[in-house]
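In this text, all values refer to a predicted model and were calculated from it rather than measured experimentally. If you read the sequence from its start, that first residue is 1, and numbering goes on from there.
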Amino acid sequence: MGCYQAFSFKLSFSLVLLLIVGVGLGGVASAELSASFYDKNCPNALSTIKSAVDSAVYKEARMGASLLRLHFHDCFVNGCDASLLLDDTATFKGEKTSVANANSLRGFEVIDNIKAELESLCPNMVSCADILAVAARDSIVALGGPTYTVALGRRDSTAANVTATEDLPSPFVNVTKLIAAFSKKGFTVKEMVALSGAHTIGQARCAFFRGRLYNDTDINASFAAAVRAKCPGSGGSGDNNMSELDVTTPTTFDSSYFKNVMSQKGLLHSDQQLYSGGFTKTAVDAYANNAASFMEDFAEAMNKMGRLSPLTGSIGQIRTNCRKVN
């Protein structure tokens, strides 16, 4: 679901206990969201989004992962408020060009097209934040993953928070750092592992996994050799070369990601840490051996993520153009 330098530290017994029982350091807001929010004022909103997403994913399967990642990177920074979509201006610094997001996110044009169509159907009605949430769900379904009900009624922010992009979990960190990053947003260890399963689709840049290929020891030799052909080890060349996060079924949403990690074929250091780091090995084993359980838990965790600190009521606005405030 989708920047990094590894650190080592021990979780205290109390923090581990809090995570296991599901009491995170942060919280999920209980907001005025409803699945029927647009039923009367824009009844074709969901079908319009689904049609556009299905078309985009049909043209390029990777786009499904890209749209899912947009939602994740939006929600992890100040909540699901579409702040991620705001462009930089001469007097405004957005989140797109932060260290965590620059040269990494894509799919903005798909969101733009959906927004333009919805503005034609229902002017000033459907928020960009809701479009991101529904597009993520529809992308998962388009690639064979689980469906779930998306609560609606989010409004769009009028500001961005570049500093808060540091909350996004990095691909270079160890499992304790991953646990801490997700706990800060109110997620349990199990939910963190389930959401990590989003890496069953999509790709990553060589710059994000070069260190793992050439420095990590918990890596399958034949897997490493094959990926090194796409990612030279020195000089910084090939930084933008891409490799699939799931080498088995890269365009199908399934549980192969966990099987790959068990076989030391996790592409990112943070991926492999789910198995090698110790704390989450049992959860990886469980999802690798029970795809239905993974699908169910992933859907529930996505629903929870979509409720992170949304703007509702009269707070925020409904942008007419997702790239700029009204």
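Ion pair Asp218/Arg212 flagged as a salt bridge, since at least one NZ, NE, NH1 or NH2 atom sits closer than 4.0 Å to an Asp/Glu carboxylate oxygen. Salt bridge Arg62/Glu244: absent, no basic N to carboxylate O contact under 4.0 Å.
The ring-ring contact (aromatic ring centres under 6.0 Å, His included) check on Phe209 picks up nothing, with sequence neighbours excluded. The salt bridge (charged side-chain N to carboxylate O under 4.0 Å, His left out) check on Lys96 picks up Asp87, with sequence neighbours excluded. For Arg319, the salt bridge (charged side-chain N to carboxylate O under 4.0 Å, His left out) test picks out no residue, with sequence neighbours left out. For the salt bridge (charged side-chain N to carboxylate O under 4.0 Å, His left out) test, no residue two or more places apart in sequence or in another chain qualifies with Glu95. With sequence neighbours left out, Phe294 forms a ring-ring contact (aromatic ring centres under 6.0 Å, His included) with Phe253, Phe258, Tyr287, Phe298. In this structure, the salt bridge (charged side-chain N to carboxylate O under 4.0 Å, His left out) partners of Lys93, at least two apart in sequence or on a different chain, are Asp88.
Under the 4.5 angstrom side-chain criterion for Ile, Leu, Val, Met, Phe, Trp and Tyr, the cluster partners of Val325 are Leu86, Phe92.
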Kindly list each side-chain donor-acceptor pair under 3.5 angstrom involving residues 42-49, sequence neighbours excluded, with atom names and distances?
unit_1: Ser47; atom_1: OG; unit_2: Asn44; atom_2: O; d: 3.1
unit_1: Thr48; atom_1: OG1; unit_2: Asn44; atom_2: O; d: 2.7

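Legend: disulfide (SG to SG under 2.5 Å) pairs involving residues 73-112, not counting sequence neighbours, sorted by first then second residue: Cys75-Cys80. The disulfide (SG to SG under 2.5 Å) analysis of residues 178-270, with sequence neighbours excluded, yields the pairs Cys206-Cys231. Sorted by first and then second residue, the disulfide (SG to SG under 2.5 Å) pairs involving residues 293-326 (not counting sequence neighbours) are Cys128-Cys322. A ring-ring contact (aromatic ring centres under 6.0 Å, His included) check over residues 93-151, counting only residues at least two apart or in different chains, returns nothing.
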